[in-house]
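Okay, structure first, notes after.
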Amino acid sequence: MTFWQRNQLRIAPFYFLAPGLMLFLIYVIYPIIDSIWVSFHEWNGMSKDLLKADGTPKNWKWVGFGNYIDLFQDEDFYVAFFNNVRWLILSLLVIPLGLALALFLNQDFKGMRYIKSLFYFPFVINLVVVGLIFAWFYNPKYGLLGQAFSGLGLKPIPILSDELYATYGIIFASFWPSIAYTMIIYITGLTGINREMIEAGRIDGASGFKMLWHIILPQLKPATLIAVVVTIVGALRSFDLIAIMTAGGPWGSTKVLAYKMYEEALFNFRMGYGAAVATILFLLMDIYIAYFLYNLFKNERGAK
Amino acid sequence: MRILKYLIILSTIFASSISSAGTLVVNSNQSGESSEAAFNAYVAAFEAAHPDIDVQVNLTEHEAYKTAIRNFLVAEAPDVAIWFAGNRMKFFVDQGLFMDVSDVWADADLNNIMSSSKASLSVEGKQYGVPWGYYQWGVYYRKDIFDNLGLNVPKDWAEFKWVCAMLKKNGITPITIGTKYLWTAAGWFDYLNLRINGYAFHMGLTAGKISYEDSRLDAVFDAWRELIEPGYFLEDHATYSWQEAQAPQINGEAAMYLIGNFYVPTLESAGVVDKMDFFQFPPIKPGVGMYEDAPTDTMHIPSGAKNVVDAKKFLAFMSDPSAATNWAKMGGMLSPNSLADAPTDRFQQMGFAMLNAADGLAQFYDRDANPDMAKAGMEGFQEFMVKPDREAKVRARMEKERRRIYGE
């Protein structure tokens, strides 16, 4: 037996993995390491090779933890950070709301498919469009909300230009597509529910909320897991709605970390500083993902 | 299907191969119907004068161009790039990305016919680009509303405030503005500072040499406050973009708008241009000259350009009075070429006269200052316009940013 024949089984997984691994290394691992490396430098995004008269690089300078020190003294950073926290907490509301909609739509009668597809609709449209629609809705002069307030004889609240309400206004807009998404996840989950268990529950006298809590929800656990993951990741990378609806304003009060990173790196020519924000955001996500993976493995072990 | 695919591949190969010889690649930000047509007219005139050169224009949307330019200047430099004068140009000059074109200025006699713009295109005595258009800022106002209320164009600050008060009393928003994208607020800061502290101080401030907590700026914020506290600015202006803020004026609910001449095409398409007029921002402090914001748009040759010889011809062609006239006129701009025909549009005529008589021209806050300083400054201006009681805090934040960027 040759070496190849003897070890084929052991080697095979690696060469099947190789293409995926290569892509993962190039498009995920390398950019992460590079971003962290950049975050220790002052760099304006221009050529790193350009030299000053004294022979030192003109655009690229090692500053150690300088960017992080600046960041922790930057008021904007805390504004962005706490906005991210708001996004994280409030976004979780999407899950029960999506579940409620899914339960409501999980009925069998003629034409239900078409009604369901209407509820999918917000998920299908682009976030930029969602942002525009809600920005118009909130417009205190010509928008629907402003009209409603005026109709009641009240002074319209300029949601998007008030530092107290603007972030909540954007989060509320984000509910529209994300509720549709969690609803889809739950509807798929509901089709996989074991009917016998429901009937057994009914025989034992369970109904209404009791039925939901003890029979349905436990079976929807995988769907809930996915819904939580998607919602939290979505909340952490929320960016498009902010860019469209307020451009981070008024005076930067709706910025989140992702927006701050984009603004520093691409508009203010501070790649290193932007990379430092990205690194912090990455660490935050890591904490969450580690917790999530830990739970996942624990559950899988439990299932076996 | 497969044949189609090969055809597409073949045609792209073919297309890329013909663009190598005798072609001049120009990256343009002249998006929007009239700007695009105006630039195309210049290109057509150039090609007619130089039949051996084929100009290939890559058009990018105006805002997206601002971030794209940093990539293409380094990665795939065109032969000519359109850009802006002042600090925005200087950034790329410092990077060694724009070529010295002083010889074009000398050979095409631009030193004489474009002398008024020369300073804004120069770094340490050398020219790094050629201007193609500039425009005025000032107050665009509803003449019909002024006439109805018997108001005259204000000649000084006291009259300006009085006009505002009268408008407000009659249920009309005196000044419309949309500060969602911040820069409109900077227009107010520029004018108040230029009228109160003058050109040298303003340029020193935007160059980062003067503190934002300097006591000379107190008067600027005080004057601004005189308009903010009585509610002369459009309510909830932080909600609106500059385009959305046009609506109240077009509907006749607001009277004045401090903005650039690029506003006029909207007035025309909205059909209210006949009710509109223009006046120069009034003087505030006696003895201070009349300095104006006049942002200048320019053309440059990137250092990585392949076809430098033809690129220089393209820039030098701005010395042709009729080509220069056409481009500026169709794009709603004033031509920096002094041989160009005087403008025929009345707003351009007023701007032309005003800028010719000006004691000095600034570019604009976000073109004169560094990008990160401009961002922090303009956020501060917006916050001050909504919460004037936070002046000290706002100025302290701007000053912190200035110190970080420029050192002590």
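Quick note on labels: first sequence line is chain A, next is B, and so on, each numbered from 1.
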Q) What do the steps show when you test Glu235(B) against Lys155(A) for salt bridge (Lys or Arg N to Asp or Glu O under 4.0 Å), and what is the final call? A) CA-CA 12 Å; Glu235(B) 227 178 12; Lys155(A) 201 177 161 305; 3.5 Å; yes
Q) Please walk me through it: do Lys141(A) and Glu253(B) pass salt bridge (Lys or Arg N to Asp or Glu O under 4.0 Å)? A) CA-CA 12 Å; Lys141(A) 216 176 170 70; Glu253(B) 296 156 10; 3.7 Å; yes
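For Glu263(A), the part lying near chain B is the side chain, with the backbone staying farther off; criterion is any non-hydrogen pair under 4.5 Å. There is no contact between Asp366(B) and chain A, counting heavy-atom distances below 4.5 Å. Of the atoms belonging to Ala374(B), not a single heavy atom falls under 4.5 Å from chain A. Residue Ile405(B) does not touch chain A at all, counting heavy-atom pairs closer than 4.5 Å. Using a 4.5 Å cut-off between heavy atoms, Thr239(B) touches chain A through backbone and side chain atoms alike. No part of Phe381(B) comes within reach of chain A, as not one of its non-hydrogen atoms sits under 4.5 angstrom from that chain. Interface remark: Lys387(B) contributes side-chain atoms only to the contact with chain A (heavy atom separation under 4.5 Å).
When each of Lys66(B), Glu401(B), Arg390(B) is checked for heavy-atom pairs under 4.5 Å with chain A, Arg390(B) comes out on top. When Glu264(A), Glu163(A), Met245(A) are compared by the number of non-hydrogen pairs under 4.5 Å with chain B, Glu163(A) comes out ahead. With chain B as partner, the option from Ser161(A), Pro250(A), Gly248(A) having the largest number of non-hydrogen pairs under 4.5 angstrom is Ser161(A).
Partners of Tyr138(A) under the side-chain hydrogen bond (donor to acceptor under 3.5 Å, both in side chains) rule, at least two apart in sequence or in another chain, do not exist in this structure.
The interface of residues 164-171 of chain A with chain B, defined by heavy-atom distances below 4.5 Å, is empty. Contacts from residues 76-95 of chain B to chain A, taken as heavy-atom pairs separated by less than 4.5 Å, involve Phe91(B), Phe92(B), Asp94(B), Gln95(B) in sequence order. Taking 4.5 Å as the heavy-atom cut-off, the residues of residues 65-73 of chain A that approach chain B are Asp70(A), Gln73(A), ordered by number.
Checked for salt-bridge contact, Glu379(B) and Lys255(A) meet the test: a charged N lies under 4.0 Å from a carboxylate O.
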